[in-house]
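Input: a single structure, listed below in structure tokens.
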2 protein chains.
Amino acid sequence: MKRNTWQREAVREALGQTEGFVSAQGLHSALHTSGSPIGLATVYRALGDLAGAGDADSLQSPEGESLYRACSTDAHHHHLICRNCGLTVEIEADAVETWAKTVAAKNGFTQAAHVVDVFGLCASCTQAATVHVVGPQQ
Amino acid sequence: MKRNTWQREAVREALGQTEGFVSAQGLHSALHTSGSPIGLATVYRALGDLAGAGDADSLQSPEGESLYRACSTDAHHHHLICRNCGLTVEIEADAVETWAKTVAAKNGFTQAAHVVDVFGLCASCTQAATVHVVGPQQ
DNA sequence: TCTCTATTGATAATGATTGTCAAAAGCAAT
DNA sequence: ATTGCTTTTGACAATCATTATCAATAGAGA
């Protein structure tokens with residue numbers, strides 16, 4: 001049976017108060033800073049449970065870290081993430097949803113899940129980096 | 001200056017002969033099995049270079065490993081991957097390309113890159129798994 | 001061939017994540 | 001409130017992929 005501990009509540013709450021995505025490590029140190037003596041392993045476990053229960057989104061950062069975010073809605077959505085400052089914008093992608101389903105079905109695939117995330121430089125970071133030389137295609 | 005070594009060729013070739021995606025570790029052991037005494041670090045380096053030069057695709061598996069695959073074409077494309085048997089189908093996604101650019105631009109983002117991959121169960125794995133009972137909650 | 005320097009590779013280092021297991025705390029019944 | 005059974009916790013060790021180190025090796029042009 002699932003037991004109710006303050007640790008799990010703490011993680012759920014900390015996650016809810018976070019803008020954008022956090023790593024387990026990040027959440028743990030945030031909690032520590034707030035005075036919570038919660039253990040690192042516990043944070044990992046709680047986040048895993050949350051994600052498994054569908055109460056949290058998880059995605060892999062380009063560096064291979066697992067990032068988590070509280071699911072605000074039941075609705076499925078994706079993210080536009082600034083690779084410099086971490087700013088995250090939620091984006092709706094009905095078109096992509098349909099496309100993913102269609103493509104999967106057309107190839108005989110079932111139970112299709114998809115990973116759709118856009119990384120870029122947000123407006124302010126772009127401005128700050130104007131000196132940057134842009135490469136050709138891609 | 002970039003030098004031409006048999007190691008790099010070996011990696012390029014091994015990658016080219018591989019169906020679907022491989023991890024660096026996987027490619028390294030494949031090479032070893034084939035009798036090549038190439039070092040692991042070198043495989044990592046070569047794969048990184050290939051990916052950087054646009055000669056290889058790379059993506060993160062759900063487990064957080066980096067997977068690589070030889071790029072058959074210059075064209076940018078995405079993948080439909082069977083999460084059971086690893087079967088990979090290349091998919092074109094002009095619609096998605098445009099969508100990604102549009103969404104990024106609409107939010108002031110520049111230099112948009114995107115991660116778009118669809119995971120699912122391929123036809124045969126679906127059939128093989130029909131017996132599967134979906135357990136309620138853990 | 002010779003020299004200069006990029007590359008290699010064995011291994012150590014790193015860093016995130018998971019496993020371990022005794023101690024602590026939930027929850028239900030008493 | 002107390003007892004008893006189990007889940008959960010947490011400090012730490014263990015894993016695992018990846019990266020850094022650095023002396024030795026081997027391209028490539030002179």
Side-chain angles (χ1 to χ4, degrees), chain A residues 1-15 18 20-53 55-69 81 83 86 115, chain B residues 1-15 18 20-53 55-69 86 115 135-138:
Chain A
M1 180 207 306
K2 244 343 175 228
R3 289 181 186 175
N4 225 6
T5 63
W6 63 265
Q7 286 97 332
R8 255 192 269 256
E9 271 316 304
V11 169
R12 191 187 292 270
E13 155 124 9
L15 194 62
T18 304
F21 286 87
V22 238
S23 64
Q25 311 259 354
L27 205 66
H28 175 243
S29 58
L31 281 163
H32 250 218
T33 303
S34 313
S36 181
I38 191 173
L40 177 58
T42 304
V43 174
Y44 272 99
R45 278 185 289 240
L47 284 176
D49 288 353
L50 276 267
D55 290 335
D57 272 337
S58 72
L59 63 81
Q60 308 264 357
S61 79
E63 292 79 34
E65 250 182 314
S66 286
L67 302 181
Y68 297 87
R69 178 167 195 215
I81 304 158
R83 80 178 117 231
V115 179
Chain B
M1 179 209 304
K2 238 2 174 214
R3 288 181 185 175
N4 225 6
T5 64
W6 64 264
Q7 286 95 332
R8 256 192 267 256
E9 271 316 305
V11 169
R12 191 187 292 271
E13 155 123 9
L15 194 61
T18 304
F21 285 88
V22 236
S23 64
Q25 311 258 356
L27 203 66
H28 175 242
S29 59
L31 280 163
H32 250 217
T33 305
S34 313
S36 181
I38 193 174
L40 176 58
T42 304
V43 174
Y44 272 99
R45 278 186 289 241
L47 283 176
D49 288 353
L50 276 266
D55 289 336
D57 273 336
S58 72
L59 64 81
Q60 308 263 359
S61 77
E63 292 79 36
E65 254 182 312
S66 286
L67 302 180
Y68 298 88
R69 178 170 194 211
V115 179
Q137 74 280 42
Q138 181 53 257

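All values below were derived from every heavy atom in this structure, side-chain atoms included, with hydrogens, water molecules and symmetry-related copies excluded. Since this is a predicted model, take the numbers as computed values, not measurements. Below, chain A is the first sequence line, B the second, and so on; all start at residue 1.
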Can you find a pair of side-chain heavy atoms, one from [X] and one from [Y], that are under 4.5 Å apart?
X      : Y      : result
R69(B) : T18(B) : no
Y68(A) : L15(A) : yes
R45(A) : Q7(A)  : no

Nearest whole Å is fine: how far is [N] [atom2] from [X] [atom1]?
X      : N       : atom1 : atom2 : answer
I38(A) : dT8(D)  : CD1   : C1'   : 11 Å
L40(B) : dT7(C)  : CG    : P     : 18 Å
L27(B) : dA17(D) : CG    : C1'   : 15 Å
Q25(B) : dA17(D) : CD    : P     : 5 Å
E65(B) : dT19(D) : CD    : P     : 12 Å

| task | Check whether any side-chain N or O of T42(B) sits under 4.0 Å from OP1 or OP2 of dG9(C), and answer yes or no. | result |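 Yes, such a contact exists.
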
| message | Please confirm whether the shortest side-chain N or O distance from S66(B) to OP1 or OP2 of dT18(D) is below 4.0 Å. | response |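 Affirmative; the distance criterion is met.
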
| request: First locate atom CG of L47(A), then atom CZ of R8(A), and finally report the distance between them rounded to the nearest 0.5 Å. | output: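 Between atom CG of L47(A) and atom CZ of R8(A) there are 11.5 Å.
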
| query | CG/L27(B) to CG/L40(B) distance, rounded to the nearest 0.5 angstrom? | reply |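 With rounding to 0.5 Å, CG (L27(B)) is 10.5 Å from CG (L40(B)).
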
| request: Taking H28(A) for its side chain and Y44(A) for its backbone only, find out whether a donor-acceptor pair lies under 3.5 Å. | output: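 Not confirmed, H28(A) side chain does not pair with Y44(A) backbone.
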
| From the list dG10(D), dT8(C), dA16(C), which nucleotide is the closest neighbour of the side chain of R45(A)? |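 Nearest to the side chain of R45(A) among the choices is dG10(D).
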
| request: Please tell me which of the listed nucleotides, dT17(C), dG10(D), dT19(D), lies nearest to the side chain of Y44(B)? | output: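 Out of dT17(C), dG10(D), dT19(D), the nucleotide with an atom closest to Y44(B)'s side chain is dT19(D).
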
| message | Can you pull out the residues from residues 3-13 of chain A that lie within a 4.0 Å heavy-atom distance of DNA chain C? | response |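 Those residues are R3(A), N4(A).
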
